[in-house]
Undergrad: 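Please see the structure below; I have some questions.
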Amino acid sequence: TPNTVRVFYYDRSGNLVRTVPSVPADSSQLVFPATDHSLPPGFEGSAVLQSDTPLIAVATEQRGDAPPSYFQGLTPGNPDIVLPLVLQEGTQHQSFFHIQNPETIPVDVTVRYYGTDMFQDEVLHTESFSLPAQGSSETTPDILINLFPNGFQGGVQIESSGSSCAVTA
């Protein structure tokens, strides 16, 4: 069955920056933003894949000289997502995650940080913010360093007012 897969690039404000033409059925395609000269220099944002049929995407995040991180994108998203382990261990291990609003309307997002006994411990920190349609947000290691002492291990619950949100960690 023919399938149409398209890639839409959105900046952090949710503005459509570029659309990649359709990927042929029964094939794969490398989408590498670092060498896509049609994207603005220093582009920061999201790549949203749209497909007529179920789709699996494996992504690699590269940050300068840092080792790449890998994640899979799965559909559909969910309005309530749990990350069972986030770390703030100085220079050893630091967690960071991205939250994507795949919807066509703005959503409100709440991020709650818990200790190691998630949902039995009290909430240690809460962040609330809005994401524009197709917009994204990043929680960086620096944020965790400012919030929690070295050696922190805990969990995160992410809730969206929309019908879905996507998280990569």
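Given the structure is predicted, the values throughout are model-derived calculations rather than measurements.
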Undergrad: Atom CG in Leu39, atom NE2 in His37: separation rounded to 0.5 Å?
TA: 10.0 Å

Undergrad: Got a sec, which residues hit side-chain hydrogen bond (donor to acceptor under 3.5 Å, both in side chains) with Ser130, two or more places apart in sequence or on another chain?
TA: Asp108

Undergrad: Kindly give the heavy-atom pair with the smallest separation between Gly14 and Pro132, and that separation in Å.
TA: N-CG, 4.1 Å

Undergrad: What distance separates Tyr113 OH from Gln157 CD, expressed to the nearest 0.5 Å?
TA: 12.5 Å

Undergrad: Can you tell me how far the CZ atom of Arg12 sits from the CD atom of Gln134, to the nearest 0.5 Å?
TA: 15.0 Å

Undergrad: Which atom names give the shortest non-hydrogen contact between Tyr10 and Val17, and what distance separates them?
TA: C-CG2, 4.3 Å

Undergrad: Does one hydrophobic cluster hold both Leu16 and Ile105, with members joined at side-chain heavy-atom distances below 4.5 Å?
TA: no

Undergrad: How would you list, by chain and number, every residue that makes a ring-ring contact (aromatic ring centres under 6.0 Å, His included) with Phe43, sequence neighbours excluded?
TA: Tyr9

Undergrad: What I'd like to find out is whether the side chain of Tyr114 reaches to under 4.5 Å of the side chain of Val123, using heavy atoms alone.
TA: yes

Undergrad: Looking only at atom types and distance, does a side-chain atom of Ser13 sit under 3.5 Å from a main-chain N or O of Asn15, one as donor and one as acceptor?
TA: no

Undergrad: To the nearest 0.5 Å, how far apart are CD1 in Ile99 and OG in Ser160?
TA: 9.0 Å

Undergrad: Any side-chain to backbone donor/acceptor pair from Glu103 onto Ala133? Under 3.5 Å, distance only.
TA: no

Undergrad: Would you mind telling me which of Thr110, Val109, Val156, Leu147 makes a side chain to side chain contact (heavy atoms under 4.5 Å, CB included) with Glu127?
TA: Leu147

Undergrad: Would the distance check show the side chain of Asn101 and the main-chain N or O of Gly135 forming a donor-acceptor pair, the cut-off being under 3.5 Å?
TA: no

